[in-house]
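Here is the structure we will look at, set down as structure tokens.
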Amino acid sequence: MDSPARDGELIADGRYQLARTLGRGTFGDVYLATSRNPAATGGFQEVVIKILHAQWAQVPEVVERFRRESLITQKIEHPHVAHVFEHGMLEDGVPFIAMEFLQGRSLRDQLELGHMSLRQAIDILVPICEALAAAHRAGVVHRDLKPENIQMIERNGNSLYPVVLDFGVAKFLDAAEKLTMSGALLGTPVYMSPEQFRGESNLGPPSDVYAFGVLAYEIIAGRPPFIGQSFADLAIAHTAASPPPMD
């Protein structure tokens with residue numbers, strides 16, 4: 001059973017007050033919250049708090065992945081990567097992460113508004129590419145790049161400013177830091193690389209580059225290169241087929 005919603009709670013020794021639920025997922029909940037010490041949150045009063053569900057807080061591998069989402073994102077210094085302010089444990093022993101709150105819409109929502117011009121596509125893709133390059137220099141592979149994990153925000157009058165989110169399934173390239181779950185299939189099938197479909201555990205930057213290529217194809221063509229009715233269909237397409245020419 002999911003943990004009960006915490007709307008209105010003061011957490012982390014009173015540093016944050018949870019305002020409302022933004023989303024509920026399999027592993028945890030996401031809240032919009034007020035920082036009661038904006039100096040510690042980059043001057044921002046509104047922040048995002050991710051809280052692991054209590055039942056998953058009893059599973060060491062899940063707790064470790066949750067902890068690493070914070071550590072991994074903090075390791076990447078780039079304006080197109082969401083900033084993490086802190087991670088820690090609540091009074092009841094449940095882990096949480098405090099992150100930058102980015103107003104705007106997801107790239108998925110942006111794509112559903114209609115086809116983009118080539119200029120708009122480039123304005124989106126170049127910063128995403130730069131963010132991934134920064135992650136790879138930091139030894140981080142995202143492993144789940146997709147439109148839902150890219151937030152489009154308004155900044156300096158530019159409504160096409162992308163920020164890459166959710167390094168929660170990312171993995172350090174350092175093999176010595178492998179988790180027991182590291183061989184699990186992680187990612188979204190439409191954007192997964194052939195090596196992910198094969199279940200390879202030693203994923204590197206090329207896996208993100210492949211996902212970026214799929215994303216670029218979709219933004220420019222208005223559709224992904226492969227659409228399958230099942231996981232098996234997509235696995236065959238991504239490992240054995242060539243993408244159809246763009247219209």
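Since we're looking at a predicted model, the values are computed, not measured.
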Residues in ring pair (Phe, Tyr, Trp, His ring centres under 6.0 Å) contact with Phe85, at least two apart in sequence or another chain: His83
Distance, nearest 0.5 Å, that separates CG of Leu107 from CG of Leu165: 10.5 Å
Residues in ring pair (Phe, Tyr, Trp, His ring centres under 6.0 Å) contact with Phe226, at least two apart in sequence or another chain: His238
Donor-acceptor under 3.5 Å (Asp7 side chain, Thr21 main chain): yes
For Pro206 against Glu195, the heavy-atom pair lying closest together: C-OE2, 3.9 Å
Sequence neighbours left out, cut at 3.5 Å: what donor-acceptor pairs do the side chains of residues 88-97 make with other protein atoms?
from, atom 1, to, atom 2, distance (Å)
Glu91, OE2, Asp13, N, 3.0
Asp92, OD1, Val94, N, 3.3
Asp92, OD2, Arg6, NH2, 2.7

Contact check, side chains of Val209 and Leu132, non-hydrogen atoms, under 4.5 Å: no
Beyond-backbone contact of Val47 with Tyr16, side-chain heavy atoms, under 4.5 angstrom: yes
Hydrophobic cluster membership, Phe44 vs Ile11, 4.5 Å side-chain cutoff: yes
Distance-only side-chain donor-acceptor flag, Gln17 / Tyr31, under 3.5 Å: no
side-chain contact (heavy atoms from CB on, under 4.5 Å) evaluation trace for Asn149 with Val164: CA-CA 6 Å; Asn149 283 340; Val164 181; 5.7 Å; no
Salt bridge (Lys or Arg N to Asp or Glu O under 4.0 Å) against Arg36, all qualifying residues, sequence neighbours excluded: none
Single-linkage hydrophobic cluster, 4.5 Å side-chain cutoff, Tyr210 and Ile236 together: no
Pairwise distance CG(Leu145) to CD1(Ile150) - rounded to 0.5 angstrom: 4.5 Å
Distance (rounded to the nearest 0.5 Å) between Phe101 CZ and Ile49 CD1: 12.0 Å
Joint hydrophobic cluster, Leu22 plus Leu10, side-chain heavy atoms closer than 4.5 Å: no
Contact check, side chains of Gln110 and Ser106, non-hydrogen atoms, under 4.5 Å: no
Atom pair CD/CZ of Glu77 and Arg137 - distance to nearest 0.5 Å: 11.5 Å
Same cluster (ILVMFWY, side-chain, under 4.5 Å), Phe212 and Leu111: yes
Minimum heavy-atom distance Pro79-Val163, with the two atoms named: O-CG2, 4.3 Å
Heavy-atom donor-acceptor pair, Gln120 side chain to Ser117 backbone, under 3.5 Å: yes
Side chain Ser207, main chain Leu203, donor-acceptor under 3.5 Å: no
Non-hydrogen atoms of His115 and Ile219 that approach each other most closely: CE1-O, 4.2 Å
Check: Leu102 main-chain N/O paired with Gln151 side-chain donor or acceptor under 3.5 Å: yes
With Tyr191, the side-chain hydrogen bond (donor to acceptor under 3.5 Å, both in side chains) member among Glu218, Gln196, Lys146: Glu218
Test item: Asp29 and Lys50 side chains (from C-beta on) under 4.5 Å apart, heavy atoms: no
Residue pairs fulfilling side chain to side chain donor-acceptor pair (under 3.5 Å) with at least one residue in residues 38-48, sequence neighbours excluded: Ser35-Thr41
Flag, side chain of His142 to backbone of Asp144, donor-acceptor distance under 3.5 Å: yes
Spatial distance of atom CD1 (Ile128) from atom CG (Asp208) [nearest 0.5 Å]: 12.0 Å
Ring pair (Phe, Tyr, Trp, His ring centres under 6.0 Å) partners for His80, two or more places apart: His78, Tyr161
Flag if over 12 foreign heavy atoms under 6.0 Å of CD, Glu112: yes
Shortest non-hydrogen contact between Leu234 and Pro189, atoms and distance: CD1-CB, 3.6 Å
Polar side-chain atom of Asp233 near backbone of Gln229 as donor-acceptor pair, under 3.5 Å: yes
Value rounded to 0.5 Å, distance of OH in Tyr217 from CZ in Arg223: 4.0 Å
Nearest non-hydrogen partners of Ala131 and Val81, listed with the distance: CB-CG2, 3.8 Å
